[in-house]
Amino acid sequence: MTPVPVSAPPRPLSIAIIAGEESGDALGAALAQALRRRQSGVIALSGVGGRAMAAAGIVSPFAIDEVSIVGLLAILEKLPAIYRRIRDTARDVVATRPDALVIVDSPEFTHRVARRVRALAPDIPIIDYVSPSVWAWRSGRARAMRTYVDHVLAILPFEPAVHKRLGGPPCTYVGHPLIERIGELRPDADEARRRQADPPVILALPGSRRGEIRRLLDIFGAAIGRLPARVGPIEVVLPTVPHLLQQVTEGVAHWPIIPRIVVDPAEKWAAFRTARAALAASGTVTLELALSGVPMVAAYRLHVVEAVIARLFRIQAGLPSVILANLVIGENVVPELLQEDCTPEQLAGALVPLFADTPERLRQTEAFGRLDQIMGIGRFASSANAADIVLEAARRGRGGMAAAAPTDPVAAAERR
C-alpha cells in the first residue's frame, strides 16, 4: 500500500518587536500578549525589550538601559555603543526574517534599526507603534518615515490627521494603552474619600530616566518642602522604577519631607487613586494623572543647549504646550514650568491652589472629565487593535499592505 504523504504543518507567523525604554517595553509586552491571544498561542515572537517583554516571552539580547538615554549630550557620549546595538539588532532581525517588524517608541534607537532593516530586507513590513512627536518638532520626519515605515499605530487621537497633513505613512489611532488600565487609575468610593481627607497626598514624579532624576529631584524636593507652611501637613509619595531606586533613594535623603518611595506598579496606581495633587516631569505621566483626575503642575529642565534647540523647534511647530495632557485635551489647563521657570518657588506657588476647591483645581478636573470622549474610552482596546493591524501586515506582506485599506479600530471594536 502506497503511504499517503503527510504535509508539514504551516509555519507559524513570526513577529519581531523592538523597544528601547521602559514605556515601550510595557507596550511591547501588551502587544505580544494580544498577538498570542489572537493566534491562540501559535506565533513566534522575538526582539529587544526589558522586564515586561521578557515576562511576555521575548528575551532581549541586551539590557534596554544601554539605549534608553535622554538628552543630546548624553546620546553623543554613548554614540559608539548605541550604534553598535543598532547594527546588531538590525542584523538579528534580518537573520530571523520575521513576517513583520514592529518598532515601539524610542525613535532615536528603533527608527535607525528600521532604516537598516529596510535597506537589508525591503520585503519585511515595518509597523511603528507610537508615532514620534512630529507634531512637536522636526515635522519633516513624517514624510521621511514613508521610506522605511509602512504603517503608524498612533496612541494619541490627533496624530492620524497630523501624519496626513505632513505627508507621513498611513496612520491609524488604535487607542492609548492607558485605556486598558483605566480601572487602575480611577478611585473607588473609599479612595475618593481619602483623596479629600487630611493630610492630603501629593505625588512627586521627577521622571523615569536618570538624566531627568538628576536635573529635577532636588528642585522637586525643595518645592514640596515649601508646601506645609502654606497648606498644612502633607503626605508625599514618589513612584519610581527598580533601576532608578538607588539613585532616587540617595537623592531624597536630604529632602525636607522624606517621601514614601514605591516601586510596585500596584502601589503606584493606589497612590494615584488617593492623591489630591501632583508635581510631575513633563511626559506620559501627565496623561496618566489627568485620566486619574489628579490636578497637577508639570515641569521640565534640559541642558541649556538642548533647551535652546527645543524652544526653536516649538516655535517652528507653533506648539501651544509641551504637556501631553494639554495637547490631548486641546486646552492649556495644566501649568507648565520649564527651564528658568522650573524653580522651587514657582513650583510651590502653582501647587498651592490645587489643594483646595479653587478655580485652578476646578478648571483641571472639568477638563480631565472630557478625556473619555476625546480618547474613545470604552470603545477602544489598544493592544488588540494594534495586534489586528500587525497580523494583517504579517499575512499580507509589504506589497499587500500597500493595497489594503487601513483597519478601522472603531468598527473592529464594535464587531468584537
Side-chain angles (χ1 to χ4, degrees), residues 22-23 26 155-157 176-188 191-192 194-196 200-209 212-213 216-217 219-220 223-224 227 231 234-241 259-262 264-300 321-338 342 347-348 350-358 360-375 377:
E22 290 276 341
S23 58
I155 64 171
L156 299 174
H176 198 283
L178 289 173
I179 290 172
E180 298 182 27
R181 293 169 27 209
I182 200 69
E184 298 177 73
L185 291 166
R186 303 268 167 92
D188 61 23
E191 290 164 334
R194 174 64 188 94
R195 184 172 277 182
Q196 299 304 317
V201 174
I202 178 171
L203 296 173
L205 298 149
S208 59
R209 298 182 177 99
E212 292 170 332
I213 298 295
L216 294 175
L217 199 64
I219 298 169
F220 277 25
I224 289 170
L227 294 177
V231 302
I234 58 174
E235 179 183 338
V236 185
V237 180
L238 195 162
T240 189
V241 289
R260 177 167 63 90
I261 300 172
V262 297
D264 184 352
E267 290 186 80
K268 170 187 172 179
W269 301 129
F272 272 54
R273 295 192 299 270
T274 58
R276 193 180 302 179
L279 176 57
S282 173
T284 303
V285 72
T286 64
L287 189 57
E288 294 174 345
L289 290 164
L291 287 168
S292 189
V294 181
M296 75 196 88
V297 172
Y300 211 74
S321 175
V322 299
I323 306 305
L324 183 56
N326 287 342
L327 293 170
V328 174
I329 292 167
E331 182 183 349
N332 289 356
V333 297
V334 175
E336 56 178 72
L337 297 172
L338 313 175
C342 180
L347 294 177
L351 281 166
V352 168
L354 304 183
F355 285 88
D357 293 326
T358 60
E360 292 90 342
R361 181 180 180 87
L362 184 61
R363 185 182 180 212
Q364 289 198 41
T365 56
E366 286 183 344
F368 298 164
R370 302 198 296 269
L371 283 171
D372 284 24
Q373 177 62 33
I374 292 168
M375 298 181 67
I377 293 173

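Computed from a predicted model, the values in this text were never measured in an experiment. Note: hydrogens, waters and symmetry copies are ignored here, and every other heavy atom, side chains too, is used.
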Test log, rule side chain to side chain contact (heavy atoms under 4.5 Å, CB included), inputs Ile219 and Cys342 = CA-CA 8 Å; Ile219 298 169; Cys342 180; 4.1 Å; yes
[X] (side chain) donor-acceptor with [Y] (main chain) under 3.5 angstrom:
X      : Y      : value
Glu191 : Asp188 : yes
Gln364 : Met296 : yes
Arg186 : Ser292 : no
Asp372 : Ile377 : no

What pair of heavy atoms forms the shortest contact from [X] to [Y], and how long is it?
X      : Y      : result
Leu351 : Ala278 : CD2-O, 3.5 Å
Arg195 : Gly293 : NH1-O, 3.5 Å
Ala271 : Val237 : CB-CG1, 3.8 Å
Ala325 : Thr286 : N-OG1, 3.3 Å
Ile179 : Met375 : CD1-O, 3.3 Å
Leu238 : Pro259 : CB-CB, 4.1 Å

With sequence neighbours left out, what residues match [X] under side chain to side chain donor-acceptor pair (under 3.5 Å)?
X      : answer
Arg363 : Glu331
Arg361 : none
Glu267 : none
Glu288 : Lys268

Please assess Ser282 against Leu324 for the test side chain to side chain contact (heavy atoms under 4.5 Å, CB included), listing each intermediate value before the final yes or no.
-> CA-CA 7 Å; Ser282 173; Leu324 183 56; over 6 Å; no
Side-chain heavy atoms of Val334 within contact of Phe368, under 4.5 Å | yes
Heavy-atom check, side chain of Pro187 versus side chain of Thr274, under 4.5 Å = no
State whether the number of non-hydrogen atoms from other residues, nucleotides or ligands found under 6.0 Å of Gln196 atom CD is greater than 12.
-> yes
Does atom CG of Asp357 have more than 12 heavy-atom neighbours, drawn from other residues, nucleotides or ligands, at distances under 6.0 Å?
-> no
Not counting sequence neighbours, which residues clear salt bridge (charged side-chain N to carboxylate O under 4.0 Å, His left out) with Glu184? List them please.
-> Arg181
Measuring from Ile234:CD1 to Leu227:CG, what's the distance to the nearest 0.5 Å?
-> 4.5 Å
Modelled atom types, side-chain donor and acceptor of Glu336 and Tyr300, under 3.5 Å | no
Applied to residues 266-290, the ring pair (Phe, Tyr, Trp, His ring centres under 6.0 Å) test, sequence neighbours excluded, yields Trp269-Phe272
